[in-house]
Amino acid sequence: MSLRTYTCDKSKLVIDTLGGRVHSFQTAAGEFLFQSALSADHSGIPLCAPWFGKGQIGSVHPRTHGLVKHAEWEIVSERVTAAEIELELALAASAVAELPGFAGYEGLAYRLFVTAGQTLKLRLEFIATQEVSVDAAFHTYFSVPLPAEVQIAQATQRDYVAGTEGRFAGVFPVAGTRDSVFLDGGSEPILLRGGDRVFTITSSAPDVVVWNPGRNDERIAPGEWQQFVCVETGAVQDHALNLCAGETAEISVEIALAVKE
């Protein structure tokens, strides 16, 4: 990890330039993000691009969740005031050129904008110099105890645990193994509740993925699965971002935390 720490009166932000990953974000309400004792890949907010999972339906890439989390990002600008922290990071296509799966993404560059105050805002921008199709998501590990629940507006749910697909709206409980994509589930703010914590997640992107292994998993330390829920917001599968040369696209998310008395 290549961690950089920033503080202002409202919050503390820790970012890992390896992967452009927000590692930690704290306000007076507490720590927003889970950090695994074993793996940076399962801590904070890993960035997933230019593919999600093993790739769009019908494709299989050699690395899960893309290229950008494996590369060193450059901090282009930083600004810290009493009220907030503002960062801009950049990743050139050449920075990921040696990674497996790069072929086909030679004409794609990336910028990440981070604003941290009382809430955390992320914006991930894609700049294309060739025709390309991009999956993109913020793979956010929320620090919340199980059991928890995620409230989602009308969506098409693809549940990979049950092997089903159908319409969904309402409260999705998380107390065991969960792996579901909610297409168009990001059309309204998403609520995540667990213990005394209530997160409000506002996304510009259409899709939401809810994941928890529901058991001990070799990628994280024993018992850690009970300390987080992943609510991943982005544009995936049917909603991949299709860019022509000279075009840009972006996804963004804002996260707020309230603690119940």
Side-chain angles (χ1 to χ4, degrees), residues 21-22 31-48 51-57 64-66 69 135-203 205-239 251 253 255-257:
R21 182 180 58 85
V22 174
E31 172 64 68
F32 281 41
L33 305 173
F34 165 80
Q35 294 94 29
S36 172
L38 291 185
S39 171
D41 268 0
H42 296 86
S43 302
I45 310 180
L47 302 177
C48 302
W51 63 83
F52 183 82
K54 285 293 186 180
Q56 296 166 28
I57 294 171
T64 300
H65 293 328
K69 70 176 185 175
D135 279 334
F138 299 109
H139 198 306
T140 308
Y141 284 76
F142 286 93
S143 178
V144 62
L146 297 190
E149 61 183 30
V150 182
Q151 184 172 322
I152 295 174
Q154 288 281 347
T156 297
Q157 179 189 11
R158 290 178 179 158
D159 193 310
Y160 295 107
V161 176
T164 58
E165 179 171 336
R167 295 297 293 170
F168 178 90
V171 173
F172 186 66
V174 184
T177 304
R178 288 300 196 191
D179 190 2
S180 278
V181 177
F182 296 89
L183 299 172
D184 292 315
S187 59
E188 297 181 18
I190 304 144
L191 297 180
L192 168 61
R193 306 182 187 94
D196 62 355
R197 322 198 92 201
V198 181
F199 288 95
T200 302
I201 307 154
T202 305
S203 172
D207 305 319
V208 182
V209 181
V210 178
W211 178 77
N212 182 280
R215 62 190 184 284
N216 283 330
D217 184 303
E218 64 182 9
R219 296 170 293 179
I220 57 177
E224 284 189 341
W225 66 273
Q226 298 173 308
Q227 302 170 28
F228 72 87
V229 173
C230 282
V231 180
E232 308 151 42
T233 55
V236 302
Q237 296 186 359
D238 306 36
H239 295 139
I251 62 170
V253 68
I255 303 166
L257 171 61

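Because the structure is a prediction, the values reported are computed rather than measured.
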- request: Keeping the roles fixed (side chain from R21, backbone from S43), state whether a donor-acceptor pair exists under 3.5 Å.
  value: yes

- request: For the pair N212 (side chain) and C230 (backbone), establish whether a donor and an acceptor sit closer than 3.5 Å, ignoring hydrogens and angles.
  value: no

message: Apply side chain to side chain donor-acceptor pair (under 3.5 Å) to residues R158 and S180 and explain how you reach the verdict.
response: CA-CA 6 Å; R158 290 178 179 158; S180 278; over 6 Å; no

- request: Check the pair T140 / F32 against side-chain contact (heavy atoms from CB on, under 4.5 Å), numbers first and verdict last.
  value: CA-CA 10 Å; T140 308; F32 281 41; over 6 Å; no

field: Side-chain donor or acceptor of Q35 paired with backbone N/O of L33 under 3.5 Å
entry: yes

Pair T233-I251, side-chain contact (heavy atoms from CB on, under 4.5 Å): steps then yes or no: CA-CA 9 Å; T233 55; I251 62 170; over 6 Å; no

query: Is the closest side-chain heavy-atom distance between Y160 and V181 below 4.5 Å?
result: yes

message: Quick one: does any side-chain atom of N216 pair with a main-chain N or O of G223 as donor and acceptor, under 3.5 Å?
response: yes

F142 and I255, any side-chain heavy atoms less than 4.5 Å apart: yes

- request: Taking D207 for its side chain and G186 for its backbone only, find out whether a donor-acceptor pair lies under 3.5 Å.
  value: no

query: Under the side-chain contact (heavy atoms from CB on, under 4.5 Å) criterion, do F52 and V209 qualify, and how do the steps go?
result: CA-CA 11 Å; F52 183 82; V209 181; 3.9 Å; yes

field: Any donor-acceptor pair under 3.5 Å from R178 side chain to P173 backbone
entry: yes

query: Looking only at atom types and distance, does a side-chain atom of R219 sit under 3.5 Å from a main-chain N or O of S39, one as donor and one as acceptor?
result: no

task: For residues V210 and F182, determine if any side-chain heavy atom of one lies less than 4.5 Å from a side-chain heavy atom of the other.
output: yes

task: For H139 and C48, work out which heavy atoms get closest and say how close.
output: CB-SG, 3.7 Å

- request: Evaluate side-chain contact (heavy atoms from CB on, under 4.5 Å) for F168 paired with D159, printing each intermediate quantity in order.
  value: CA-CA 11 Å; F168 178 90; D159 193 310; over 6 Å; no

message: Side chains of E149 and F172, heavy atoms from C-beta outward: is any pair under 4.5 Å?
response: no

Close side-chain approach of F138 and L47, heavy atoms under 4.5 Å: yes

message: Checking P206 now: which residues fulfil side chain to side chain contact (heavy atoms under 4.5 Å, CB included) with it, not counting sequence neighbours?
response: D184, A235, H239

